[in-house]
2 protein chains.
Amino acid sequence: MELVSLYKCLCDVQRLRILNLLKEGPLCVCHIQEILGETQVKISKQLQYMKKLGIVWVRREGVWMVYSLPVPVHPVLLANLHCLQARSDEFPCFAEDLQTRSTILQRYTDNLAECPQVVYQSATGR
Amino acid sequence: MELVSLYKCLCDVQRLRILNLLKEGPLCVCHIQEILGETQVKISKQLQYMKKLGIVWVRREGVWMVYSLPVPVHPVLLANLHCLQARSDEFPCFAEDLQTRSTILQRYTDNLAECPQVVYQSATGR
DNA sequence: TCCACATATCCTTTCATGTGCATATATTAT
DNA sequence: ATAATATATGCACATGAAAGGATATGTGGA
(Lines give C-alpha, C1' and ligand atoms only; values in the text may rest on other atoms or scores of the structure.)
Protein backbone atom coordinates (compact mmCIF):
# COMPACT_ATOMS: atom_id res chain seq x y z
CA MET A 1 0.00 0.00 0.00
CA GLU A 2 1.28 3.41 -0.84
CA LEU A 3 2.07 5.65 2.07
CA VAL A 4 0.43 8.80 0.74
CA SER A 5 -2.79 6.88 0.10
CA LEU A 6 -2.74 5.78 3.70
CA TYR A 7 -2.37 9.34 4.91
CA LYS A 8 -5.21 10.46 2.68
CA CYS A 9 -7.33 7.81 4.30
CA LEU A 10 -6.45 9.15 7.73
CA CYS A 11 -7.56 12.67 6.77
CA ASP A 12 -11.21 11.97 7.50
CA VAL A 13 -12.53 11.79 11.04
CA GLN A 14 -15.19 9.28 10.04
CA ARG A 15 -12.60 6.96 8.60
CA LEU A 16 -10.44 7.39 11.67
CA ARG A 17 -13.37 6.45 13.85
CA ILE A 18 -14.08 3.37 11.75
CA LEU A 19 -10.46 2.25 11.89
CA ASN A 20 -10.40 2.88 15.61
CA LEU A 21 -13.38 0.54 15.92
CA LEU A 22 -11.96 -2.14 13.67
CA LYS A 23 -8.78 -2.11 15.67
CA GLU A 24 -10.78 -3.83 18.44
CA GLY A 25 -12.19 -6.45 16.11
CA PRO A 26 -14.38 -6.99 13.04
CA LEU A 27 -17.70 -5.21 12.69
CA CYS A 28 -20.56 -5.35 10.24
CA VAL A 29 -21.69 -2.26 8.40
CA CYS A 30 -24.92 -1.76 10.30
CA HIS A 31 -23.09 -1.67 13.61
CA ILE A 32 -20.53 0.81 12.41
CA GLN A 33 -23.41 2.84 11.13
CA GLU A 34 -25.15 2.68 14.49
CA ILE A 35 -22.05 3.57 16.48
CA LEU A 36 -21.14 6.53 14.33
CA GLY A 37 -24.71 7.68 13.91
CA GLU A 38 -24.24 8.18 10.20
CA THR A 39 -26.21 7.30 7.11
CA GLN A 40 -25.74 3.97 5.38
CA VAL A 41 -24.46 5.56 2.20
CA LYS A 42 -21.77 7.51 3.94
CA ILE A 43 -20.45 4.56 5.89
CA SER A 44 -20.60 2.26 2.91
CA LYS A 45 -18.67 4.67 0.73
CA GLN A 46 -15.99 5.18 3.32
CA LEU A 47 -15.63 1.41 3.61
CA GLN A 48 -15.35 0.99 -0.15
CA TYR A 49 -12.76 3.72 -0.18
CA MET A 50 -10.66 1.88 2.37
CA LYS A 51 -11.28 -1.52 0.82
CA LYS A 52 -9.93 -0.40 -2.53
CA LEU A 53 -6.74 0.72 -0.84
CA GLY A 54 -6.41 -2.54 1.05
CA ILE A 55 -6.73 -0.74 4.36
CA VAL A 56 -9.67 -2.90 5.38
CA TRP A 57 -10.83 -6.38 4.45
CA VAL A 58 -14.37 -7.54 4.02
CA ARG A 59 -16.06 -10.90 4.33
CA ARG A 60 -19.69 -11.78 3.83
CA GLU A 61 -21.66 -13.56 6.55
CA GLY A 62 -25.19 -14.01 5.30
CA VAL A 63 -26.60 -10.57 4.71
CA TRP A 64 -23.92 -8.93 6.76
CA MET A 65 -20.71 -7.60 5.35
CA VAL A 66 -18.12 -7.87 8.07
CA TYR A 67 -15.20 -5.48 7.84
CA SER A 68 -11.89 -5.95 9.58
CA LEU A 69 -8.34 -4.76 9.54
CA PRO A 70 -6.06 -6.85 7.34
CA VAL A 71 -3.62 -9.32 8.81
CA PRO A 72 -1.05 -8.17 9.41
CA VAL A 73 -2.00 -4.54 9.81
CA HIS A 74 0.16 -2.11 7.90
CA PRO A 75 2.77 -0.98 10.41
CA VAL A 76 2.31 2.72 9.72
CA LEU A 77 -1.44 2.39 10.14
CA LEU A 78 -1.02 0.47 13.36
CA ALA A 79 1.35 3.07 14.75
CA ASN A 80 -1.13 5.82 14.02
CA LEU A 81 -4.04 3.94 15.49
CA HIS A 82 -2.11 3.67 18.70
CA CYS A 83 -1.65 7.43 18.59
CA LEU A 84 -5.39 7.92 18.32
CA GLN A 85 -6.07 6.39 21.68
CA ALA A 86 -3.30 8.39 23.26
CA ARG A 87 -4.89 11.60 22.01
CA SER A 88 -8.38 11.03 23.31
CA ASP A 89 -8.43 14.59 24.61
CA GLU A 90 -8.63 15.91 21.08
CA PHE A 91 -11.20 13.35 19.92
CA PRO A 92 -13.37 12.13 22.78
CA CYS A 93 -15.45 10.27 20.24
CA PHE A 94 -12.78 7.63 19.85
CA ALA A 95 -13.21 6.40 23.39
CA GLU A 96 -16.97 6.87 23.24
CA ASP A 97 -17.19 4.80 20.10
CA LEU A 98 -15.41 1.94 21.77
CA GLN A 99 -17.85 2.22 24.65
CA THR A 100 -20.81 2.06 22.30
CA ARG A 101 -19.23 -0.87 20.53
CA SER A 102 -19.02 -2.81 23.77
CA THR A 103 -22.64 -2.05 24.56
CA ILE A 104 -23.77 -3.28 21.18
CA LEU A 105 -21.76 -6.45 21.34
CA GLN A 106 -23.08 -7.07 24.85
CA ARG A 107 -26.61 -6.64 23.57
CA TYR A 108 -26.04 -9.46 21.15
CA THR A 109 -24.37 -11.62 23.74
CA ASP A 110 -27.50 -11.28 25.87
CA ASN A 111 -29.90 -12.04 23.08
CA LEU A 112 -28.52 -14.81 20.97
CA ALA A 113 -31.77 -15.30 19.09
CA GLU A 114 -31.29 -12.35 16.75
CA CYS A 115 -27.60 -12.41 17.14
CA PRO A 116 -25.01 -12.28 14.42
CA GLN A 117 -22.44 -12.89 17.06
CA VAL A 118 -21.21 -15.94 15.28
CA VAL A 119 -20.03 -13.47 12.75
CA TYR A 120 -17.61 -11.91 15.15
CA GLN A 121 -16.71 -15.17 16.82
CA SER A 122 -15.73 -16.83 13.61
CA ALA A 123 -13.82 -13.76 12.63
CA THR A 124 -11.77 -13.18 15.73
CA GLY A 125 -12.09 -16.07 18.08
CA ARG A 126 -13.24 -13.65 20.77
CA MET B 1 -2.41 21.10 16.29
CA GLU B 2 -5.34 19.14 15.00
CA LEU B 3 -4.64 15.58 14.03
CA VAL B 4 -6.54 15.60 10.76
CA SER B 5 -4.65 18.70 9.64
CA LEU B 6 -1.44 16.89 10.31
CA TYR B 7 -2.52 13.95 8.18
CA LYS B 8 -3.54 16.29 5.38
CA CYS B 9 -0.09 17.74 5.53
CA LEU B 10 1.44 14.29 5.19
CA CYS B 11 -0.60 13.57 2.06
CA ASP B 12 1.84 15.34 -0.21
CA VAL B 13 5.14 13.79 -1.19
CA GLN B 14 6.80 17.19 -1.47
CA ARG B 15 5.81 18.06 2.06
CA LEU B 16 6.98 14.68 3.26
CA ARG B 17 10.32 15.26 1.64
CA ILE B 18 10.63 18.68 3.24
CA LEU B 19 9.77 17.32 6.67
CA ASN B 20 12.22 14.50 6.17
CA LEU B 21 14.90 17.09 5.49
CA LEU B 22 14.00 19.31 8.41
CA LYS B 23 14.13 16.33 10.69
CA GLU B 24 17.92 16.47 10.25
CA GLY B 25 18.11 20.15 11.02
CA PRO B 26 17.01 23.63 9.85
CA LEU B 27 17.25 24.60 6.20
CA CYS B 28 16.69 27.78 4.25
CA VAL B 29 14.22 27.92 1.41
CA CYS B 30 16.74 28.05 -1.38
CA HIS B 31 18.40 24.86 -0.21
CA ILE B 32 15.14 23.00 0.11
CA GLN B 33 14.36 24.23 -3.37
CA GLU B 34 17.69 23.00 -4.66
CA ILE B 35 17.42 19.59 -3.03
CA LEU B 36 13.90 18.93 -4.24
CA GLY B 37 14.50 20.45 -7.67
CA GLU B 38 11.27 22.38 -7.52
CA THR B 39 10.23 25.93 -8.29
CA GLN B 40 10.44 28.63 -5.65
CA VAL B 41 6.71 29.23 -5.65
CA LYS B 42 5.88 25.62 -4.99
CA ILE B 43 8.30 25.25 -2.13
CA SER B 44 7.31 28.54 -0.59
CA LYS B 45 3.64 27.64 -0.69
CA GLN B 46 4.22 24.28 0.91
CA LEU B 47 6.20 25.95 3.65
CA GLN B 48 3.47 28.52 4.27
CA TYR B 49 0.95 25.73 4.39
CA MET B 50 2.90 23.94 7.09
CA LYS B 51 3.76 27.14 8.93
CA LYS B 52 0.11 28.03 9.31
CA LEU B 53 -0.53 24.65 10.89
CA GLY B 54 2.40 25.03 13.24
CA ILE B 55 4.09 22.03 11.69
CA VAL B 56 7.22 24.06 10.91
CA TRP B 57 8.76 27.15 12.39
CA VAL B 58 10.56 29.90 10.53
CA ARG B 59 13.21 32.42 11.49
CA ARG B 60 14.80 35.09 9.40
CA GLU B 61 18.59 35.29 8.99
CA GLY B 62 19.37 38.17 6.71
CA VAL B 63 17.79 37.40 3.38
CA TRP B 64 17.34 33.74 4.26
CA MET B 65 14.26 32.30 5.79
CA VAL B 66 15.33 29.32 7.82
CA TYR B 67 12.72 26.67 8.42
CA SER B 68 12.85 24.07 11.13
CA LEU B 69 10.72 21.61 12.99
CA PRO B 70 9.16 23.02 16.14
CA VAL B 71 10.48 22.14 19.56
CA PRO B 72 9.24 19.78 20.69
CA VAL B 73 8.10 18.02 17.55
CA HIS B 74 4.50 16.87 17.61
CA PRO B 75 4.69 13.24 18.71
CA VAL B 76 2.48 11.94 15.92
CA LEU B 77 4.56 13.77 13.35
CA LEU B 78 7.77 12.46 14.84
CA ALA B 79 6.48 8.91 14.82
CA ASN B 80 5.57 9.17 11.16
CA LEU B 81 8.88 10.73 10.21
CA HIS B 82 10.59 7.74 11.71
CA CYS B 83 8.37 5.55 9.55
CA LEU B 84 9.52 7.38 6.44
CA GLN B 85 13.10 6.33 6.85
CA ALA B 86 12.10 2.78 7.54
CA ARG B 87 10.20 2.67 4.26
CA SER B 88 12.94 3.93 1.99
CA ASP B 89 12.12 1.16 -0.47
CA GLU B 90 8.89 2.89 -1.37
CA PHE B 91 10.42 6.37 -1.54
CA PRO B 92 14.09 6.24 -2.46
CA CYS B 93 14.04 10.02 -2.69
CA PHE B 94 13.97 10.34 1.09
CA ALA B 95 17.44 8.90 1.45
CA GLU B 96 18.67 10.67 -1.67
CA ASP B 97 17.48 14.00 -0.35
CA LEU B 98 19.45 13.53 2.83
CA GLN B 99 22.48 12.72 0.72
CA THR B 100 22.05 15.89 -1.30
CA ARG B 101 21.55 17.86 1.88
CA SER B 102 24.88 16.64 3.24
CA THR B 103 26.59 17.59 0.01
CA ILE B 104 25.18 21.07 0.11
CA LEU B 105 26.10 21.64 3.72
CA GLN B 106 29.59 20.34 3.01
CA ARG B 107 29.89 22.77 0.12
CA TYR B 108 29.28 25.62 2.50
CA THR B 109 31.63 24.23 5.08
CA ASP B 110 34.39 24.24 2.46
CA ASN B 111 33.68 27.74 1.24
CA LEU B 112 32.92 29.94 4.18
CA ALA B 113 33.09 33.11 2.11
CA GLU B 114 29.64 32.72 0.61
CA CYS B 115 28.43 30.61 3.44
CA PRO B 116 25.27 31.04 5.39
CA GLN B 117 26.48 28.30 7.65
CA VAL B 118 26.19 30.53 10.63
CA VAL B 119 22.51 30.27 9.92
CA TYR B 120 22.49 26.59 10.62
CA GLN B 121 25.02 26.78 13.40
CA SER B 122 23.09 29.34 15.32
CA ALA B 123 19.93 27.39 14.75
CA THR B 124 21.03 23.97 15.88
CA GLY B 125 24.41 24.09 17.42
CA ARG B 126 25.55 21.54 14.88
C1' DT C 1 18.33 55.90 -2.89
C1' DC C 2 18.46 52.25 -6.08
C1' DC C 3 19.46 47.52 -7.21
C1' DA C 4 19.76 42.57 -6.66
C1' DC C 5 18.49 38.71 -4.25
C1' DA C 6 15.44 35.69 -1.49
C1' DT C 7 10.95 34.86 -0.34
C1' DA C 8 5.86 35.52 -0.04
C1' DT C 9 1.27 36.49 -1.92
C1' DC C 10 -2.51 37.31 -5.31
C1' DC C 11 -5.38 35.51 -8.87
C1' DT C 12 -7.11 32.15 -11.89
C1' DT C 13 -7.68 27.55 -13.49
C1' DT C 14 -7.89 22.78 -12.72
C1' DC C 15 -8.68 18.65 -10.35
C1' DA C 16 -9.86 15.68 -6.50
C1' DT C 17 -13.03 14.66 -2.62
C1' DG C 18 -17.13 14.43 0.28
C1' DT C 19 -22.21 14.36 0.23
C1' DG C 20 -27.06 13.28 -0.91
C1' DC C 21 -30.49 11.09 -3.53
C1' DA C 22 -32.09 7.49 -6.07
C1' DT C 23 -31.38 3.04 -7.41
C1' DA C 24 -29.07 -1.45 -8.01
C1' DT C 25 -27.31 -5.89 -6.09
C1' DA C 26 -27.18 -9.79 -3.08
C1' DT C 27 -28.98 -12.82 0.49
C1' DT C 28 -32.56 -14.90 3.33
C1' DA C 29 -37.20 -16.08 4.50
C1' DT C 30 -41.99 -16.77 2.99
C1' DA D 1 -41.13 -16.13 -7.35
C1' DT D 2 -41.61 -12.35 -4.17
C1' DA D 3 -40.67 -9.52 -0.34
C1' DA D 4 -37.63 -7.70 3.08
C1' DT D 5 -33.19 -6.62 4.75
C1' DA D 6 -28.39 -5.25 4.25
C1' DT D 7 -25.21 -3.20 1.42
C1' DA D 8 -23.20 -1.06 -2.81
C1' DT D 9 -23.12 2.11 -6.77
C1' DG D 10 -24.11 5.84 -10.31
C1' DC D 11 -24.92 10.59 -10.91
C1' DA D 12 -24.92 15.50 -9.83
C1' DC D 13 -23.36 19.10 -6.96
C1' DA D 14 -20.55 21.83 -3.83
C1' DT D 15 -16.23 22.48 -1.78
C1' DG D 16 -11.40 22.64 -1.12
C1' DA D 17 -6.71 21.91 -2.45
C1' DA D 18 -2.85 22.08 -6.04
C1' DA D 19 -0.49 24.56 -9.84
C1' DG D 20 1.26 28.36 -12.59
C1' DG D 21 2.23 33.03 -13.71
C1' DA D 22 2.77 37.50 -12.32
C1' DT D 23 3.75 40.50 -8.83
C1' DA D 24 4.65 42.19 -4.14
C1' DT D 25 7.54 42.39 0.13
C1' DG D 26 11.65 42.56 2.72
C1' DT D 27 16.75 42.68 3.29
C1' DG D 28 21.56 43.92 2.40
C1' DG D 29 24.92 46.20 -0.44
C1' DA D 30 26.65 49.86 -3.77
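When the side-chain contact (heavy atoms from CB on, under 4.5 Å) test is applied to B/Thr39, the partners found at least two apart in sequence or on another chain are B/Val41, B/Lys42. The side-chain hydrogen bond (donor to acceptor under 3.5 Å, both in side chains) search around A/Gln99 returns none, not counting sequence neighbours.
Linking Ile, Leu, Val, Met, Phe, Trp and Tyr whenever their side-chain heavy atoms come within less than 4.5 Å puts A/Tyr49 and A/Val56 in one cluster. In terms of hydrophobic clustering, with Ile, Leu, Val, Met, Phe, Trp and Tyr side chains grouped at heavy-atom distances under 4.5 Å, A/Val58 and A/Ile55 are assigned to a common cluster.
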Please output the side-chain donor-acceptor pairs of residues 11-21 of chain A that fall under 3.5 Å, not counting sequence neighbours, one pair per line with the distance.
residue	atom	partner	partner atom	Å
A/Asp12	OD1	A/Gln14	N	2.8
A/Asp12	OD1	A/Arg15	N	3.1
A/Asp12	OD1	A/Gln46	NE2	3.3
A/Gln14	OE1	A/Gln46	NE2	3.1
A/Gln14	NE2	A/Glu38	OE2	3.0
A/Arg15	NE	A/Cys9	O	2.8
A/Arg15	NH1	A/Gln46	OE1	2.9
A/Arg15	NH2	A/Lys8	O	3.1
A/Arg17	NE	A/Asp97	OD2	2.7
A/Arg17	NH2	A/Asp97	OD1	2.9
A/Arg17	NH2	A/Asp97	OD2	3.4
A/Asn20	ND2	A/Phe94	O	3.0

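Within residues 38-52 of chain B, the residues approaching DNA chain C are B/Gln40, B/Val41, B/Ser44, B/Lys45, B/Gln48, by heavy-atom distance under 4.0 Å. If you check residues 8-19 of chain A against DNA chain C, the residues with a heavy atom closer than 4.0 Å are A/Lys8, A/Arg15, listed by number.
The two residues A/Leu3 and B/Leu84 come nearest to each other via the heavy atoms CD2-CD2, 3.3 Å.
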Protein and nucleotides 24-30 of chain D: nitrogen or oxygen contacts under 3.5 angstrom:
none

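The phosphate of C/dA8 (OP1 or OP2) has a side-chain N or O of B/Tyr67 nearer than 4.0 angstrom.
Proximity of B/Met65 to B/Arg59: side-chain heavy atoms (C-beta onward) are nowhere separated by under 4.5 Å. At least one side-chain heavy atom of B/Leu47 sits less than 4.5 Å from a side-chain heavy atom of B/Ile32.
Rounded to the nearest 0.5 angstrom, A/Ile35 CD1 and A/Ile43 CD1 are separated by 9.5 Å. Rounding to the nearest 0.5 Å gives a distance of 10.5 Å between CD of A/Glu34 and CG of A/Leu27.
Regarding B/Gln33, its CD atom lies at a distance of 14 Å from the P atom of C/dC5, rounded to whole Å.
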